[in-house]
Amino acid sequence: MWAKSLRKALSRVTTPMVRRLSARIVDESYIEVKPSQSVAPALTFPGIWLRDNCRCPACFHDSSQSRRLDWDHFDTSVRPLTLHVDADKEQLQVRWSDNHESIYEMDWLRSHSFDGDSQSSYLNDFYRPRTRHWAGALFEEVARRFEFDQVMSEDSALQQWLHALAVYGVALLNGAPLDEGVVRRLAERVGFIRRTTYGEEFIVQAKPGAQNYAYLSLPLPLHTDLPYYEYKPSVNILHCVVQTKSRGGSNLLVDAYHIADRLREEYPSDFARLSRTPVDWNDIGSEDGSEFHNIWRAPVICLDDAGEYTRINHSVPQRDSHFNVPLKQVLPWYESYARFVKMAREDAHSFKTQPGDVLTFNNLRLLHGRTGYDDTENNSRYIVGAYLDWDIIYSRLRVLKKRLGSVHTVPPTVK
Ligand code: OGA
Ligand code: ZN
Ligand code: ZN
């Protein structure tokens with residue numbers, strides 16, 4: 001009780017003090033800025049970084065938003081000599097040991113802060129939304145549905161669709177017209193189509209003399225498309241124009257990042273093999289009279305230096321018979337691969353798209369497949385596909401976020 005009233009009395013003494021923006025040089029090489037709001041923590045910036053990021057016209061080209069500083073003559077021993085803060089304008093002025101002077105706006109400093117929380121919110125929000133991995137049983141909760149017309153006409157719907165795709169790796173659009181131009185219009189709403197060996201738009205339909213295994217009415221086991229490309233197309237757009245009336249023709253989807261999470265946890269040696277053994281993926285044939293022979297070597301589970309997933313590769317038809325690994329690695333790799341395939345198949349969620357549905361999913365992350373169907377003259381299936389790349393999607397998302405702010409949707413409760 002006594003402590004509480006003392007605290008209250010003290011807070012009465014301290015709160016009325018209005019702090020002004022202030023700055024000081026620390027250890028000759030750092031600049032610490034104390035914002036004017038008394039609750040905001042001090043921000044510390046390396047001097048060399050501030051000098052490198054001077055915003056004056058000699059150092060920064062405003063209309064291209066690009067650094068123009070002469071780095072051939074950049075002095076890494078540059079030090080701040082004196083500081084001046086203009087509290088009214090919320091600006092910091094620095095005079096440097098190389099005789100240069102810089103002015104930094106407080107807003108700019110805040111948005112480029114080195115503190116851990118600011119950096120992680122920038123990385124997990126603005127750079128790329130953090131992914132959420134899901135088990136097949138949660139598909140209906142995570143798979144968002146959007147109206148095609150709204151996505152085409154409203155920027156906030158476009159943003160929500162792309163955000164859901166980035167976070168969950170899958171999203172559906174409903175109510176698209178049944179013409180072959182839908183996938184192009186949608187891709188061009190984001191940016192532009194990613195072209196492949198099979199063209200810009202491609203038709204998935206049972207075709208005599210098929211040049212691709214998908215162009216049959218056979219079941220299509222779980223796979224990622226085009227694992228034989230170093231630059232694998234990022235996102236599949238599959239527009240259902242005609243759906244088979246026979247049984248089958250359903251899509252299967254699995255979040256392979258979730259399967260990889262489980263392997264990492266439950267079967268670490270399988271995870272290690274699948275993430276370290278390079279596999280040859282290939283595609284040989286010809287399209288429109290032009291021959292191709294594509295090969296890319298990469299593990300099933302690809303990781304970055306921090307152990308985060310960058311890409312999953314899996315396709316039984318497109319796995320090469322060349323397997324360029326030491327003999328001793330082959331048998332154990334097959335056991336691990338079989339476990340991955342079995343776990344994925346058991347987790348797969350199956351659903352059948354209807355004419356006007358557009359299924360979009362991350363081809364670097366999800367495995368997809370199709371159940372077999374009867375293909376007869378008056379019982380056909382006609383899917384139009386195209387790809388988009390993440391560079392283009394993330395770019396559109398950032399442009400929309402700058403204009404509209406963050407996406408406001410309640411995330412489902414998944415890990
Ligand atoms: C493909 C494919 C899915 C489908 O063409 O690679 O996965 O629904 N098609 O036919
Ligand atoms: Zn400058
Ligand atoms: Zn496919």
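Residue numbers start at 1 and run along the sequence shown. Note that ligands are numbered from 1 as they come in the structure, with each ligand's atoms numbered from 1 the same way.
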(Q) Is any side-chain heavy atom of W333 closer than 4.5 Å to one of V300? (A)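 Of all side-chain heavy-atom pairs linking W333 with V300, at least one is under 4.5 Å.
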
**Q.** Heavy-atom check, side chain of H100 versus side chain of C54, under 4.5 Å
**A.**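 With C-beta onward as the side chain, the pair touches.
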
Q: Work out which heavy atom in I25 is nearest to a heavy atom in L81; give both atom names and the distance.
A: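 Closest pair (atom of I25, atom of L81, distance): CD1-O, 3.5 Å.
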
Q. Given atoms SG of C56 and SG of C54, what angle do they subtend at the Zn ion (ligand 2), to the nearest 10 degrees?
A.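 Between SG of C56 and SG of C54, at the Zn ion (ligand 2), the angle is about 110°.
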
(Q) If I take the Zn ion (ligand 2) as the centre, what angle separates the NE2 atom of H100 from the SG atom of C59? Nearest 10 degrees is fine. (A)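 Between NE2 of H100 and SG of C59, at the Zn ion (ligand 2), the angle is about 100°.
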
Considering non-hydrogen atoms of the protein only, which is the closest contact for [atom], and what is the distance?
atom                   : answer
atom 1 (C) of ligand 1 : A214 CB, 3.5 Å
atom 9 (N) of ligand 1 : L220 CD2, 3.8 Å
atom 6 (O) of ligand 1 : D225 OD1, 3.1 Å

**Q.** Polar proximity ligand 1 side, R381 side, N/O cut 3.5 Å exclusive
**A.**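 Yes; the residue has a nitrogen or oxygen that sits under 3.5 Å from a nitrogen or oxygen of the ligand.
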
What is the ring orientation for [X] with [Y], classed by angle as parallel under 30°, tilted 30 to 60°, or perpendicular over 60°?
X    : Y    : answer
Y337 : H314 : perpendicular
F126 : Y122 : tilted
W49  : H112 : tilted

Q | From K401, R189, R396, residue fulfilling salt bridge (Lys or Arg N to Asp or Glu O under 4.0 Å) relative to D155 | A |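 Testing D155 for a salt bridge (Lys or Arg N to Asp or Glu O under 4.0 Å) against K401, R189, R396 leaves exactly one candidate, R189.
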
Q) Where on T353 is there a heavy atom closer than 4.0 Å to ligand 1, on the side chain, on the backbone, on both, or on neither? A)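 Under 4.0 Å from ligand 1, T353 contributes no heavy atoms.
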
Q: Using a 4.0 Å heavy-atom cut-off, say whether N251 meets ligand 1 through its side chain, its backbone, both or neither.
A: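 Answer for N251: side chain.
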
Q: Mark up the atoms of ligand 1 that fall under 4.0 Å of a heavy atom belonging to H223, in ascending order.
A: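 Ligand 1 atoms under the 4.0 Å threshold to H223: 6 (O), 7 (O).
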
(Q) Quick check: of its N, O or S atoms, which one does D225 have closest to the Zn ion (ligand 3)? (A)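 This turns out to be OD1.
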
